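Being a predicted model, the structure only gives us computed values, none of them experimental. Every heavy atom of this structure was used, including side-chain atoms; hydrogens, water molecules and symmetry mates were not. Order of listing sets the numbers, starting from 1, for every ligand and every atom in it.
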Amino acid sequence: MIDNTVAFIGAGNMAQCIIGGMIKQGYPAENIIAANRNAEKLKALKSQYQIETTTDNIEAVTKADVIVLAVKPQMMAEVCQQLIEQAPECQEKLFISVAAGISVERFEQMLGQVRIIRAMPNTPALVGLGVTGLFPSRCSVYEQSFTEKLFVGTGKTVWLEKEQDINAIIAVTGSAPAYFFYFMQAMQQVAQELGFDENQAKAMVAQTALGAATMASQSDLSFEALRAQVTSKGGTTHEAIETFKQHKLETMVKDAMYAAIRRAEEMA
Ligand code: NAD
């Protein structure tokens, strides 16, 4: 599997996360090639990971067995048109797209009936703690297992049964780091109001979130049971939780997640 040369078209934040994860998992640097319009980004990637880099997308796809499309969604039509016009043999290769909102049907209009896996990572991939949803079209079991290995260095992977589940995973994991950041921001503001300085407040809130997330991921108990363990009736935590309930936190979370799904559907 590690004999496959993987070309990244677009070497921005998400490509860098995936490349970093691949290298960490022992994928050979000489089998990774990154193509990007902007040569500056490539310099940094090359010096950090010793991978091959180029500003020529066609050079990258020609050398590759697997093509990871990692440009912004609005650039995708231009990139696909270039590939199909200048390297039509790329249709025989495996494509992986990390772009939000571009369906398999749309890719087939642009590239023909290619073998493609849509991947939906999230930003904690940067620290190896991401979740990536994967949806395959026309791919073999080998290609699915290869793709899973590609993403394993960025965190967990989840196979999706229906393409529309990509929109659900955007709401559950893709957009979700920002929900937690927003909650932490609100807590930090109150901590500062209470007299802690900015750095102290940020560190305390982040450490508490990390501790809670670590406990939750290591425990067999449900989130509800974990919460109940630290919520004695009449105590301080109980008062705080009751206040969240009065303000209908669960309804807010539900509305926000469905709003993310609706937006993903509109963008598709
Ligand atoms: P980015 O802007 O950091 O990276 C995109 C890169 O593509 C840039 O470096 C740009 O110079 C390069 N580029 C633009 N046009 C090009 C072309 N024609 N040929 C070659 N390179 C070109 O963006 P990103 O955050 O890495 O996002 C990339 C993709 O990942 C997007 O489609 C996005 O939907 C998807 N994605 C991102 C996240 C995230 O949290 N960042 C999460 C899930 C999916």
TODO: Measure the distance from atom 26 (O) of ligand 1 to every protein heavy atom, then report the residue, atom name and distance (to 0.1 Å) of the closest one.
DONE: Met14 N, 2.8 Å
TODO: Decide if atom NZ of Lys24 counts as having more than 12 heavy atoms of other residues, nucleotides or ligands within a radius under 6.0 Å.
DONE: yes
- [ ] Indicate if Met76 and Ile116 have the same hydrophobic cluster label, given that clusters are the connected sets of ILVMFWY residues with side-chain heavy-atom separations under 4.5 angstrom.
- [x] yes
- [ ] Measure the spacing between CD1 of Ile33 and CD1 of Ile51 and express it to the nearest 0.5 Å.
- [x] 8.5 Å
Open item on the list: Evaluate Asn13 for polar contact with ligand 1, using N/O atom pairs at a separation under 3.5 Å.
Closed with: yes
Open item on the list: Suppose we measure from atom 1 (P) of ligand 1 to each protein heavy atom; which comes out shortest, and what is that distance?
Closed with: Gly12 CA, 3.9 Å
Task: Subset of ligand 1 atoms that lie under 4.0 Å from at least one heavy atom of Met120 - done: 43 (C)
- [ ] Verify whether one side chain among Glu85 and Gln81 offers a donor that lies under 3.5 Å from an acceptor in the other.
- [x] yes
Task: Closest protein heavy atom (residue, atom, distance) for atom 34 (O) of ligand 1 - done: Ala100 N, 3.1 Å
Open item on the list: For atom 2 (O) of ligand 1, what is the closest protein heavy atom, and at what distance to 0.1 Å?
Closed with: Lys72 CE, 3.4 Å
Open item on the list: Between Arg262 and Glu265 (salt bridge meaning N to carboxylate O under 4.0 Å), is one present in this structure?
Closed with: no
Task: Flag for Asp197-Gln192: side-chain donor and acceptor within less than 3.5 Å - done: no
Open item on the list: Tell me which one of Leu150, Leu134, Val68, Val104 satisfies side-chain contact (heavy atoms from CB on, under 4.5 Å) with Ile117.
Closed with: Leu134
Open item on the list: On a heavy-atom basis, I'd like to know which of Thr123, Val71, Ile170 is closest to atom 16 (C) of ligand 1.
Closed with: Val71
Open item on the list: What protein heavy atom lies closest to atom 19 (N) of ligand 1? Include the residue and the distance to one decimal.
Closed with: Asn57 ND2, 3.0 Å
Open item on the list: If you take the nearest heavy atom of each of Val68, Leu42, Val98, Ile102, which one is closest to atom 35 (C) of ligand 1?
Closed with: Val98
Task: Contact atoms of ligand 1, heavy-atom distance to Pro73 under 4.0 Å - done: 31 (C), 32 (O), 34 (O)
Task: For ligand 1, the portion of Ala70 having any non-hydrogen atom under 4.0 Å away - done: backbone
Open item on the list: Assess whether a salt bridge exists between Glu78 and Arg37, defined as any Lys/Arg side-chain N lying under 4.0 Å from an Asp/Glu carboxylate O.
Closed with: yes
- [ ] Using a 4.0 Å heavy-atom threshold (strictly under), name the region of Asn36 that reaches ligand 1: side chain, backbone, both or neither.
- [x] both
Open item on the list: Considering non-hydrogen atoms of the protein only, which is the closest contact for atom 43 (C) of ligand 1, and what is the distance?
Closed with: Pro121 O, 3.1 Å
- [ ] Pick one of side chain, backbone, both or neither for how Arg37 approaches ligand 1, counting any non-hydrogen atom pair under 4.0 Å.
- [x] both
- [ ] Evaluate the ring planes of Tyr27 and Phe146, with Trp represented by its six-membered ring, and classify them as parallel (under 30°), tilted (30 to 60°) or perpendicular (over 60°).
- [x] perpendicular
Task: Where ligand 1 meets Val79 - atom numbers and elements under 4.0 angstrom, heavy-atom basis - done: 17 (C), 18 (N)
Open item on the list: Regarding Lys63 and Glu52, does a basic nitrogen lie under 4.0 Å from an acidic carboxylate oxygen?
Closed with: yes
- [ ] With heavy atoms of Ala99 as the reference, note each atom of ligand 1 found under 4.0 Å away.
- [x] 32 (O), 34 (O)
Open item on the list: Please list, in number order, the atoms of ligand 1 under 4.0 Å from a heavy atom of Met75.
Closed with: 15 (N)
